[in-house]
Protein chains: 2
Amino acid sequence: MSSDIPGFELPLRLLLGFRVLIDELHAELGRQGHPDMRPTHGFVMQAIGRGSTTAVDLGRTLGVSKQAAGKTIDVLERIGYVERTVDPHDTRRKIVRLTPYGVDALVRSGHIFETLRERWAGELGEERVQAMVADLRKVTPPDLFRLDTPGWFGTL
Amino acid sequence: MSSDIPGFELPLRLLLGFRVLIDELHAELGRQGHPDMRPTHGFVMQAIGRGSTTAVDLGRTLGVSKQAAGKTIDVLERIGYVERTVDPHDTRRKIVRLTPYGVDALVRSGHIFETLRERWAGELGEERVQAMVADLRKVTPPDLFRLDTPGWFGTL
DNA sequence: TCTATATAGTGAACCAGGTTGTCTATCGTG
DNA sequence: CACGATAGACAACCTGGTTCACTATATAGA
């Protein structure tokens, strides 16, 4: 059952591909002790990385308002993935850091994604997966977290 | 700023590819007389065009609740893309049909997607675009509108 | 040094697009 | 013809965004 709009298949397959990977990631993360992690969280935690960030900084990186970033940090803090400390050099700022539990989620995500990628490579061939990523790199913005559509991040 | 998680690039590129196409589609649709059309609407209208005729039916096709489908139909009706008529054979049912304005939006979407696909083919080569779609078809669900994740549709 | 401006974080009100639960009207079958 | 299934609508709620408004702090300039 194909679409009535021929050109529609390309964007749809890209979306479905993304969804398939993300859904399987979170199903597996749930089994590995991270049942509360949502797709958004992975992106945010990656943006936080091992370094220190603030809500404003994070919002800028992800392309959302500082308030939205702040809300997400609230959630992440509540479920134990990040912690906030006051910046001694600027008492307005609150520095966000990953907790060990947060780092664990990120490390496991990496392993799961590798496994999924290997599964795709098994079906398509490793060179096809590499080609797909290489091709997409040519037609998408260079900076992973930058897309000038406000709120694009909500697509998770 | 590259990701700390190596396997993360594949899903992210898929998402970015989708977003790039959808964003350009809607920018161009806005210029062509459809400024109020949202990414969701294209999916819903396509489902309607393919024969999903009531809210319940539409919800089933899209994998969302009948209430969610009903809300979306309300919006689409208000901005003139669809119209509801009562089914003479079953007065409980309200049959949803595309208006000419709705058909126009769908036709224009098709042309714009074709143009965008050609742009990609110009950068990557037509055979690479074909290969990408073919590969993705192998690793994603066969039915375009079926993904067993409830609410996946909200990813637009 | 003091003042003006910029910045960090927070709260509130709002929106979109989902969810579940409940209710009514109608259909269709045993 | 009664009863179970179905279609639609309404309400309350959730999540993850938005903007506006505010406080507290930092910093640059007269």
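Quick caveat, the model's predicted, so the values are computed rather than measured. Chain A is the first sequence line, chain B the second, and so forth, proteins listed ahead of strands; every chain is numbered from 1.
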Just to verify, what does [X] make a side-chain hydrogen bond (donor to acceptor under 3.5 Å, both in side chains) with, not counting sequence neighbours?
| X | answer |
| --- | --- |
| A:Glu123 | none |
| A:Gln67 | none |
| B:Asp135 | A:Arg128 |

_Pairing residues for B:His34 by the ring pair (Phe, Tyr, Trp, His ring centres under 6.0 Å) criterion, not counting sequence neighbours_ = B:Tyr81, B:Tyr101
*In Å and rounded to the nearest 0.5 Å, what is the CG to OG1 distance from B:Leu62 to B:Thr40?*
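Nearest 0.5 Å value for the CG-OG1 distance: 10.0 Å.
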_Interatomic spacing from CG in A:Leu14 to CE in A:Met132 - rounded to 0.5 Å_ =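 A:Leu14 atom CG to A:Met132 atom CE measures 8.5 Å (nearest 0.5 Å).
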_salt bridge (charged side-chain N to carboxylate O under 4.0 Å, His left out) against B:Arg84, all qualifying residues, sequence neighbours excluded_ = B:Asp74, B:Glu77
*Any residue meeting side-chain contact (heavy atoms from CB on, under 4.5 Å) with B:Thr115, in chain and number order, not counting sequence neighbours*: none
*Sequence neighbours left out, what passes side-chain contact (heavy atoms from CB on, under 4.5 Å) with A:Arg93? Give chain and number order.*
A:Thr54, A:Asp87, A:Asp90
Sort me out a list of protein N/O and nucleotides 20-22 of chain C N/O pairs below 3.5 Å, or just none if empty.
from	atom 1	to	atom 2	distance (Å)
C:dG21	O6	B:Gln67	NE2	2.4

*Take atom CE of B:Met37 and atom P of C:dA16, then tell me their distance rounded to the nearest Å.*
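Roughly 17 Å, once rounded to whole Å.
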*Going by heavy atoms in the side chains, are A:Thr61 and A:Phe43 under 4.5 Å from each other?*
no
*Heavy-atom side-chain proximity of B:Glu118 to B:Glu126 below 4.5 angstrom*: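 B:Glu118 vs B:Glu126: side chains apart.
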_When you measure from the side chain of A:His26 to the backbone of A:Met37, do you find a donor-acceptor pair of N or O atoms at a distance under 3.5 Å?_
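Yes; at least one donor-acceptor contact below 3.5 Å.
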Strictly below 4.0 Å, heavy-atom distances to any atom of DNA chain D: list the hits from [range], or just say none.
| range | answer |
| --- | --- |
| residues 25-32 of chain B | none |
| residues 75-88 of chain A | none |
| residues 89-99 of chain B | B:Arg92, B:Arg93, B:Lys94 |

*asked:* Let me test you: for the helix from C:dT1-D:dA30 to C:dG30-D:dC1, what is the angle between the axes at its two ends (five pairs each), rounded to 10 degrees?
replied: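 Inter-axis angle at the termini of the helix from C:dT1-D:dA30 to C:dG30-D:dC1: 0°.
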